[in-house]
S.K.: 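I have a structure I would like to understand better, so I am pasting it below and will then ask my questions one at a time.
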There are 2 protein chains.
Amino acid sequence: MVLRTMGTQLRFARNQTIFNEGDAAEYAYTLKSGTVRLCNYLSDGRRQIMQFLFPGDLFSFMELDGHHLTAEAVGDVVLSCYPHRQIVQLGAQNPELGMRMASLMSQRLHAMHVQLLLLGRQTAMERIASFLLSLKERMGANEDELFDISMSRQDVADHLGLTIETVCRVLSKLRRSRVIAIPNLHQLRVYDTDALRALAERGD
Amino acid sequence: MVLRTMGTQLRFARNQTIFNEGDAAEYAYTLKSGTVRLCNYLSDGRRQIMQFLFPGDLFSFMELDGHHLTAEAVGDVVLSCYPHRQIVQLGAQNPELGMRMASLMSQRLHAMHVQLLLLGRQTAMERIASFLLSLKERMGANEDELFDISMSRQDVADHLGLTIETVCRVLSKLRRSRVIAIPNLHQLRVYDTDALRALAERGD
DNA sequence: CGCCGTGTTGACCAGTTTCAAGATTGGTGG
DNA sequence: CCACCAATCTTGAAACTGGTCAACACGGCG
């Protein structure tokens, strides 16, 4: 992408806020390393994580009138930022690039639809199985290959509309039935991807 | 909008399918009259309604690679359709219009975020109170003014991630506490908008 | 007038949450 | 390098919200 040549690097520490919902949106970002969460808060503190971002992901490039979401660093994070006006100008001038951006938006929208179905109509087991599969895919891990879960149990819970306890219980159940292994808190191995796929569709 | 001058009119009867998830997406549509639901199905029939569309709404204008959702007529529906290529071309040629479309996408994305928070973190009462408020707003009804609920209880349930019984029970509770009145199945009056707003944030 | 689809209500049940008690983990300072 | 402390995670028991099942009401239409 054209942008790759420009941009200033920024660093954020674990749990630091990158921007808040409602802030003026002056920059678009690409994530260089680490994991970012995009979330919404209710006034009483209830939180919903809309999306986790991983290295390579572009975000906040189409927020005309201020950020709709809060962005926070899950672990330590490095990202590049680009003045917003620049992006918009480029998009307007270069139809090719404008289309790329529109396509990215469309992808996002589709991902949100999938998540909506998950939150509205799927069980705890289905949600967690789906999440583990998508994480495994995103991490490019093969069968039996270990991959990192950078986010906390609470983050997972707030992404899937569950409590931290339910997340733990379901993970334990998957571990007991030898579908996954959790050698340490932030790493996971999937032994039986097909079983997980079945659980993602049919629950228990 | 430029499009208003072109387009062919189509009619669909109550519960008829306009297009299915996975279908090639050849047209964009604007709704002339009636209500449309955009939804996703799980293989076992569980359904999540992503969005209701009302007269004036434009939809399916950015689905490059086939429809992501199924569109169905809630009641009888009239809509205009426009060849997809035309829209894309126009958007590419006319930066102004391209921006309008991007802005529409961004609005949709924001609405999905709100819905995600609702499904992930809000109670039955909060969901229904929010829904009634947004419906009242969309219908342009004032305090104490009667407005139409075109969709069935099942549709409401599938939009809010609840069962039809829960929807009924919560509506009854709101009626008993004189916050709303339901003179007939498909009409509703809000007596106390402030109470509803409070319930939308804090539940019960 | 009676039937069928839809809506309402009640009783009971299940999955998830809540509350609470430990167990692990990771970080800090001696 | 180890001990301690705080944060996070795990597990169990009880409570609760919302779901399921079932009976009945309502309303529109032939």
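Values reported hereafter were calculated over all heavy atoms of this structure, with side chains retained and with hydrogens, waters and symmetry mates removed. Here is the naming used below: chain letters follow the sequence lines, and residue numbers restart at 1 for every chain.
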S.K.: Do B:F19 and B:H67 have ring centres separated by under 6.0 Å?
M.R.: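 Aromatic pair counts; centres sit under 6.0 Å.
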
S.K.: Please round to 10 degrees the angle between the axis of the first five pairs and the axis of the last five pairs in the helix from C:dC1-D:dG30 to C:dG30-D:dC1.
M.R.: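 Taking five pairs per end, the axes differ by 30°.
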
S.K.: Does atom CD of A:E96 have more than 12 heavy-atom neighbours, drawn from other residues, nucleotides or ligands, at distances under 6.0 Å?
M.R.: no

S.K.: Check this one for me: any side-chain N or O of A:R153 less than 4.0 Å away from OP1 or OP2 of D:dT10?
M.R.: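 A:R153 to D:dT10 OP1/OP2: side-chain N or O found under 4.0 Å.
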
S.K.: Tell me: CG of B:D155 to C1' of C:dG5, nearest whole Å?
M.R.: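 Going from CG in B:D155 over to C1' in C:dG5 covers 14 Å.
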
S.K.: On DNA chain D, nearest-nucleotide positions of B:N184 versus A:H186: which is more 5'?
M.R.: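 It is A:H186 whose nearest nucleotide is closer to the 5' end.
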
S.K.: State, without any angle test, whether A:D148 and A:Q187 hold a side-chain donor-acceptor pair at a distance under 3.5 Å.
M.R.: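 A:D148 vs A:Q187: donor-acceptor pair found between side chains.
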
S.K.: Report the nucleotide, chosen from C:dT9, D:dT10, C:dT17, that has the shortest atom-to-atom distance to any side-chain atom of A:C168.
M.R.: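 Of the candidates, D:dT10 comes closest.
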
S.K.: So which nucleotide from D:dC9, C:dT9, D:dG18 ends up closest to the side chain of B:R169?
M.R.: C:dT9

S.K.: May I have the distance from B:L171 (atom CG) to D:dC26 (atom P), rounded to whole angstrom?
M.R.: 17 Å

S.K.: Looking at A:E143, I'd like to know if its CD atom is crowded, meaning that more than 12 non-hydrogen atoms belonging to other residues, nucleotides or ligands lie closer than 6.0 Å.
M.R.: yes

S.K.: If you count heavy atoms of other groups shown closer than 6.0 angstrom to OH of B:Y27, is the number above 12?
M.R.: no

S.K.: Does a side chain donor of either A:Y82 or A:T30 reach within less than 3.5 Å of an acceptor in the other side chain?
M.R.: yes

S.K.: Tell me what B:R14 touches on the nucleic acid: a base, only sugar-phosphate, or nothing, going by heavy atoms under 4.0 Å.
M.R.: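 Answer is sugar-phosphate: B:R14 comes under 4.0 Å of backbone atoms only.
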
S.K.: Between C:dT17, C:dT9, D:dG19, which one does the side chain of B:R175 approach most closely?
M.R.: C:dT9

S.K.: If you take the centroid of each ring, where Trp contributes its six-membered ring, are A:H110 and B:H68 closer together than 6.0 Å?
M.R.: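 Between A:H110 and B:H68, which both carry aromatic rings, the centre distance is below 6.0 Å.
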
S.K.: Give a yes-or-no answer on whether the side chains of B:R47 and B:Q154 include a donor-acceptor pair shorter than 3.5 Å.
M.R.: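 Side chains of B:R47 and B:Q154: no pair found under 3.5 Å.
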
S.K.: Under 4.0 Å between any heavy atoms, over every strand shown, what does B:G203 touch: base, sugar-phosphate, or nothing? Just pick one.
M.R.: nothing

S.K.: Starting at CZ of B:R176 and ending at P of C:dT8, how long is that distance when rounded to a whole Å?
M.R.: 12 Å

S.K.: Quick check on DNA chain C: between A:L162 and A:L185, whose nearest nucleotide comes earlier from the 5' end?
M.R.: A:L162

S.K.: Rounded to whole Å, how long is the line connecting atom CD1 of B:I164 with atom C1' of D:dA22?
M.R.: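 That distance rounds to 14 Å.
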
S.K.: How many Å lie between CD1 on B:I182 and C1' on D:dC26, as a whole number?
M.R.: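 It is 14 Å, rounded to the nearest whole Å.
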
S.K.: Could you state the CG-P distance from A:L174 to D:dC9, rounded to the nearest angstrom?
M.R.: 17 Å

S.K.: Once hydrogens and angles are ignored, does a donor-acceptor distance under 3.5 Å link the base of D:dC21 to the side chain of B:E165?
M.R.: yes

S.K.: Just how far, in rounded Å, is C1' of C:dT8 from NZ of B:K173?
M.R.: 16 Å

S.K.: Nearest to the side chain of A:S172 - D:dT20, D:dT10, C:dG7?
M.R.: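 Looking only at heavy atoms from C-beta outward on A:S172, the closest nucleotide is D:dT10.
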
S.K.: Side-chain N or O of A:T166 versus OP1/OP2 of C:dT17: is the shortest distance under 4.0 Å?
M.R.: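 A:T166 to C:dT17 OP1/OP2: side-chain N or O found under 4.0 Å.
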
S.K.: Which whole-number value in Å describes the distance from B:I128 CD1 to C:dT8 P?
M.R.: 11 Å

